[in-house]
Amino acid sequence: MRYQKIKTALAEPGMIVGRDIFSTSGQLIINAGTELTDHVITRLQFYSITEISIALPDKKNPETKTEPAKKTPSQYLTHVEQVKAGAEFKQFSKSFYSTFVSFREHLNLVVRGEASLDTSLLLEAVTDIFSSCKNPNSLFDMMLCIRSLDDVTYVHNMNVALVCKMFAGWLKFSEEETNNLIIAGLLHDIGKMLIPKAILTKPTKLTAEEYQTVKSHAQLGYSILKNQKVDSHICLAALQHHERCDGTGYPLGLVSSQLDPYAKIVAIADVYDALTASRVYRGPVCPLEAIGIFQTEGLTKYDPKYLLVFLDGIMNAYLNCTVRLSTGETGRIVMMQRNSLARPVVQVSEDRFIDLSKTPDVFVTEII
C-alpha cells in the first residue's frame, strides 16, 4: 500500500488514514484504515495533529479503496464526536465564539488604556455561555470539545471563568460573591497580554530568562487591575493564582494563611483547565489523570477546603463517558470511586467490568 503525508488542514472526508495516528503524548487517536469524516477531522484538530498519512489508491486499480475496519453503529462516533454533533454543543460553541471575539477586543482596549473595564459586559457574556448548557455537568463536555481556537490565553481565561461559576455553585456563594469569582477567573491571566506571543506559544523549553518573563504576568495583571474599579479579590486572584499553600508558588512564595480565598479557588480552576488543554509542546492530559493528580498531590499545594469541594463536584461529570484504556480496550465509566477518582469501574463488554482500583497496570488513557 502506498501512503502520502498531507497537512491536516488539507484533509477531506472520504480519505483513508494510512497509518495509526498518535497524539504528542503517545495516545492512539485514529486507527489506520479509518475513513475520514467531518467528525474525525475535527478530532484531529482537537489533538493538534498537523500532519497525517493517507492511503493512496492502487496504481493498477485506481478505483480501489482501502476499506476501513468494520465497526458497529455505536462505534462510529466517539463521545467527543457525539457531543460535537449535538444541538447543545452547536449552541454552546456559537455563544462561545461570539463572546470570545468581544471579550478579546474589550480586554485589548483595557490593557492599552483606551477603555475602562466593563464587568457587567463580561458577566453577561459568561452567563450567556453557561446558560447554553442543559445542565452543569455538561459544561465539562462542552469545554472538552471547544479547544479549536488558536488563541490559548483568551480561551483558557473563558474556561476558567466557567469553572469558577460552577465552583461558586458548589460553594453556595451569594450572587455578588459568584460574580466576583467569575470575573476573577476571567481576568486572572490578563497580565499575559503583555507577554510576547512568541514566548507564550514557544514549542520548546523556555530559557531561564523567558520563564521569568512568563512568571511576571501575575504582577503585570495585578498592576492592570488595581487601577480599575474592581473588587480587591479580583486583583489578588491575578497576583496570587500561581501561589501554593505550601509556599512553593510565585511570585512571592506565600503560604495558605496569606492567600486570598478567591486566588485559591482560581488556582484550582486554572490548573485543571491548563492540564486538560492541548498545548504546542504536548497533547492534553486526560481529565481523569488531572483529577488523579489533584487527589494524590494537591492536598498540600491547594486548600483542602476548596479542593475537596471541586473533586466532589466534578466526580459525576465523567460518569457514563466512553474511555480508552491502556490495554487498547474501550468501555464506559459506570462507577466513580471517591478514594481513587482516576481509577473508576469501566464496563468493557456486556458482562465484563474492570475495577481500575484493583488493576494497577491498567489505566484510562483518554476520554473518547
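Side-chain atoms are counted along with the backbone in the values below, which use heavy atoms only and exclude waters and symmetry mates.
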Tell me whether F310 at atom CZ has more than 12 heavy atoms from other residues, nucleotides or ligands lying less than 6.0 Å away.
yes
Side chain proximity check, N157 to L187, heavy atoms < 4.5 angstrom:
no
Take atom CZ in R112; do more than 12 heavy atoms of anything else shown fall under 6.0 Å from it?
yes
Polar contact flag, side-chain donor to acceptor under 3.5 angstrom, D270-H188
yes
Honestly, is K264 close enough over Y306, meaning NZ or CZ under 6.0 Å from the six-membered ring centre and within 45° of the axis?
no
Donor-acceptor pair, side chain of D20 and main chain of A32, under 3.5 angstrom:
yes
Do the non-hydrogen side-chain atoms of V346 and R332 ever get within less than 4.5 Å of each other?
no
Going from CG on L220 to CG on L239, what distance comes out if it is rounded to the nearest 0.5 angstrom?
10.5 Å
Please work out which of the three classes, parallel, tilted or perpendicular, describes the rings of Y262 and H233, given edges at 30° and 60°.
parallel
Can a donor-acceptor pair be found between the side chains of T248 and K301 at a distance below 3.5 Å?
yes
What I'd like to find out is whether the side chain of R244 reaches to under 4.5 Å of the side chain of V271, using heavy atoms alone.
yes
For residues V17 and N31, determine if any side-chain heavy atom of one lies less than 4.5 Å from a side-chain heavy atom of the other.
no
Do Q337 and S340 have a side chain donor and acceptor closer than 3.5 Å?
no
Give, for atom CG of L139 and atom CG of N159, the distance between the pair rounded to the nearest 0.5 Å.
8.0 Å
What orientation do Y302 and F294 show, parallel under 30°, tilted 30 to 60°, or perpendicular over 60°?
perpendicular
Atom pair CE/CG of M15 and L56 - distance to nearest 0.5 Å
9.5 Å
Using a 6.0 Å cut-off, check whether atom CD of E209 has over 12 heavy atoms from anything other than its own residue.
no
For the residue pair I265 and L181, establish whether any side-chain heavy-atom pair is separated by less than 4.5 Å.
yes
